[in-house]
Amino acid sequence: MTRLVERVAKAILAQNGVAVPEWRLCRNPDEVASACEFLGPGCYLKAQIPIGDRAAIGAVMQVDRVEEAVATTAAWFKAGVASHDVESVLVERAVNGSDSAYAAVQVSDEGPAELLLFSSSGGSGFDPREADLRISLPPRDLETFEIRKHLRRIGMTGSRLNRTGRLLEVLIRCARDWHAYSLEINPIAYIDDMPVAIDAKIEIDDHAVELVPDMSRVSLGDLQGREAQADKIQRDDHRGTLRYVQLIPEAHDRLAGYVGSHSVGGGESMVVMDALAEAGLRPTNYCDTSGSPSQEKVRAAAELVGSQQHISGLFFSSCIANQPLSVTAMGLVEGLSNVGWALPAVFRFAGNQEAEACEIVRDWASTISAPIEVCGRDESEWDAARRLRALLPTGGESNGVPD
Amino acid sequence: MAFLIDETTRILVQGITGRQGRFAVDLMTRGNSKPVAGVTPGKGGESVDGIPVFDTVEEAVAETGVTASIIFVPATLLRDAALEAIDEGLDPIVLMVDGVPARDALAIIQSARAAGSRVIGPNTPGIVSPGRCLMAAVRHDPFLPGSIAVISRSGGMMTTLASVLTDGGLGQSTCLGVGGDRIIGLDLVDAAMQAEADPETSCIVVFGEVGTSQEHRLADAVLDGRINKPVVAYIAGVAAPPGVRYSHAGAFAGDASEEGEKKRARLAAAGVLVPQRYTEIPEMAQSAMDQAIQTARSA
């Protein structure tokens with residue numbers, strides 16, 4: 001899921017008529033100082049990072065003095081917050097509203113269903129499972145009176161009833177237009193019964209990013225390094241699937257017991273992580289090339305995995321694959337040759353053309369000096385992972401095991 | 001009998017003239033389940049490997065009596081194709097497509113539910129009832145007729161589990177990949193309920209993983225007696241760091257309850273057999289079936 005930062009989520013809501021606090025977007029401490037002077041004492045500083053419940057990790061703070069705001073945000077810009085770089089900070093005018101509420105539209109795997117949630121209490125730490133209202137939405141638009149009826153049933157009255165009803169209508173429309181898995185306003189503050197979205201977040205369906213009304217607002221900038229390269233390869237070559245995740249940030253030094261991981265199959269990749277862990281090894285990455293990828297795509301993936309500086313070895317395994325594994329093997333050999341592979345590795349092929357695939361890798365392995373072993377489906381992922389551990393230079397009973 | 005499909009199923013392939021459609025036709029034909037019709041709008045009158053191609057599902061139903069559809073179209077065209085199949089009352093409808101927007105999947109599933117059709121997928125490898133019908137894009141040789149249902153959130157692991165069962169001499173009634181996405185038609189619980197109702201299925205084998213609430217709801221179904229047949233569930237990804245979206249869109253542990261270890265513990269507490277490795281499944285399944293027979297005899 002692609003999570004949009006708060007300012008984008010609130011801008012989308014504001015464009016659709018939802019009240020939001022006045023704010024300034026700042027990219028350095030000087031801009032923060034100017035914004036604080038303009039918005040007055042008691043304003044909020046909000047680091048624009050794509051994670052939830054930022055108040056709990058100190059990424060949202062209320063400040064009375066400009067100096068305090070400058071010092072706080074200078075630290076954020078320099079060191080980031082919760083392992084996230086901070087590129088911008090929202091400085092927001094304090095809203096002196098009464099009460100605090102919660103509203104969300106979510107797509108749930110249970111049912112499956114699209115849910116509208118509302119609660120007359122909300123704020124940091126609120127658990128959506130405690131919501132007062134939980135409606136399974138029909139495929140059609142909900143009529144205004146239907147929302148009003150539900151709100152009345154939980155005790156809402158007066159102008160707050162009408163205004164909250166209109167807010168929820170907008171919420172549903174925005175969630176659908178933006179293909180949101182989740183669109184949440186938390187908290188909602190009331191000023192004279194007018195709901196104000198104090199904070200909001202949107203999680204976009206990865207499969208629908210190209211369908212949203214304004215792609216320029218969807219930052220794919222979270223992807224860096226090898227993940228960004230893999231994403232580009234996948235977008236440029238639709239034959240099969242390449243998914244790469246950097247699990248352990250790359251370091252310049254080789255780490256004992258840390259290995260590159262490359263699999264065929266999403267489920268198999270999960271199995272492999274468990275098998276490596278049981279063998280006392282830790283994968284630095286997740287990489288799955290499945291669905292009959294081209295040799296070029298496998299080659300590119302093998303280069304991404306094999307060129308990590310901090311790995312001590314490589315583990316490859318396939319499920320009982322339908323795709324021609326000889327093509328996969330040729331891609332692996334080409335990619336690893338390109339990065340000058342010279343470390344221990346175990347290759348486990350299972351499925352279509354597994355014998356040919358084993359032969360292709362064995363032939364290549366005979367031309368290089370690295371300790372490489374190849375096996376077929378007769379050997380389980382767990383046994384193959386232990387073989388890799390035994391090949392590693394520090395692969396004793398207690399050595400080479402990552403913390 | 002098996003569940004979902006059997007030798008009476010007459011298969012329609014929507015998107016038959018594309019690369020993946022043709023590839024699947026070859027695999028299904030080798031599996032003794034040659035489709036009887038195809039649909040590609042605008043290509044009516046053509047044929048693929050002797051299979052007639054129609055412009056509409058309505059024509060395919062009228063001319064060939066197809067009863068079920070397997071769909072290979074680009075993700076952006078899936079909603080239209082699936083709704084057309086639902087409109088003609090086909091059942092089941094197998095969505096072989098990856099990358100489907102969740103709201104399109106939701107619309108398809110809600111329409112199918114209203115019409116009484118069962119949707120498998122999206123992002124599924126299909127359904128195999130060994131020796132009876134292969135409605136999938138997989139080779140037939142890893143599968144063996146028998147009485148164990150295989151229900152998997154991973155396509156590759158559906159075949160892998162069937163293969164280890166076959167190697168252990170245990171055949172399968174129906175094997176089903178429910179799909180790797182978060183929003184899917186029949187999920188693990190729905191599929192297990194189909195297996196529960198099938199008199200020729202004696203044991204249910206499940207491949208689960210991190211993400212979604214499916215395994216927890218499966219545990220609930222066992223606990224509350226909706227599922228009484230023995231269940232063996234292997235859950236992968238116990239070592240997978242949380243908060244990461246892996247290959248399957250559904251494999252994202254958004255909160256702690258969706259992590260692998262929590263799922264294993266919950267299923268085990270419900271009485272489900274939970275191996276540490278999938279290679280232990282044949283022995284566990286055989287033992288569970290033996291015990292079920294003994295219990296039935298002593299009752």
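Letters go in sequence order (proteins before strands), and every chain restarts at 1. On a predicted model such as this, the values are computed, not experimentally measured, just so you know.
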Between [atom1] of [X] and [atom2] of [Y], what distance do you get to the nearest 0.5 Å?
X: A:His179; Y: B:Asp104; atom1: NE2; atom2: CG; result: 7.0 Å
X: B:Arg19; Y: A:Ser292; atom1: CZ; atom2: OG; result: 7.0 Å
X: A:Ser269; Y: B:Met157; atom1: OG; atom2: CE; result: 10.0 Å
X: B:Ile183; Y: A:Tyr181; atom1: CD1; atom2: OH; result: 5.0 Å
X: A:Cys319; Y: B:Met158; atom1: SG; atom2: CE; result: 10.5 Å

Taking side chain as everything from C-beta outward and backbone as N, CA, C, O, which of these in [X] sits under 4.5 Å from a heavy atom of chain A? Side chain, backbone, both or neither.
X: B:Ile235; answer: backbone
X: B:Gln20; answer: neither
X: B:Val244; answer: side chain
X: B:Val164; answer: neither
X: B:Asp98; answer: side chain
X: B:Tyr278; answer: both

Side chain, backbone, both or neither: which part of [X] has a non-hydrogen atom closer than 4.5 Å to chain B?
X: A:Leu211; answer: side chain
X: A:Leu137; answer: backbone
X: A:Ala113; answer: backbone
X: A:Val271; answer: both

Are the side chains of [X] and [Y] in touch, meaning some heavy atoms are under 4.5 Å apart?
X: B:Asp187; Y: A:Asp109; value: no
X: B:Ser163; Y: A:Arg377; value: yes
X: A:Met270; Y: B:Tyr246; value: yes
X: A:Asp206; Y: B:Arg182; value: no
X: A:Asp274; Y: B:Tyr234; value: yes
X: B:Arg103; Y: A:Glu114; value: yes
X: B:Asp181; Y: A:His207; value: yes
X: B:Thr159; Y: A:Asn322; value: no

Verify, without hydrogens or angle tests, whether A:Arg243 (side chain) and B:Arg245 (backbone) share a donor-acceptor contact under 3.5 angstrom. yes
Is A:Glu381 salt-bridged to B:Arg277, cutoff N-O under 4.0 Å? no
Largest heavy-atom contact set with chain A, pairs under 4.5 Å, which of [options]:
options: B:Gly99, B:Ala102, B:Ala236, B:Gly156; result: B:Gly99
options: B:Ala107, B:Gly237, B:Ser154; result: B:Gly237
options: B:Gln214, B:Glu209, B:Arg153, B:Arg113; result: B:Arg113

Answer yes or no: are there more than 12 heavy-atom neighbours, outside B:Arg30 itself, under 6.0 Å from its atom CZ? no
Over 12 foreign heavy atoms within 6.0 Å of CD, A:Glu250: yes
Between A:Ala180, A:Pro138, A:Ser108, A:Pro112, who has the most heavy-atom pairs with chain B when the cutoff is under 4.5 Å?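 Top count of heavy-atom pairs under 4.5 Å with chain B: A:Pro112.
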Ranked by heavy-atom pairs below 4.5 Å to chain B, first place among A:Leu247, A:Leu276, A:Thr241, A:Leu242 goes to A:Leu247
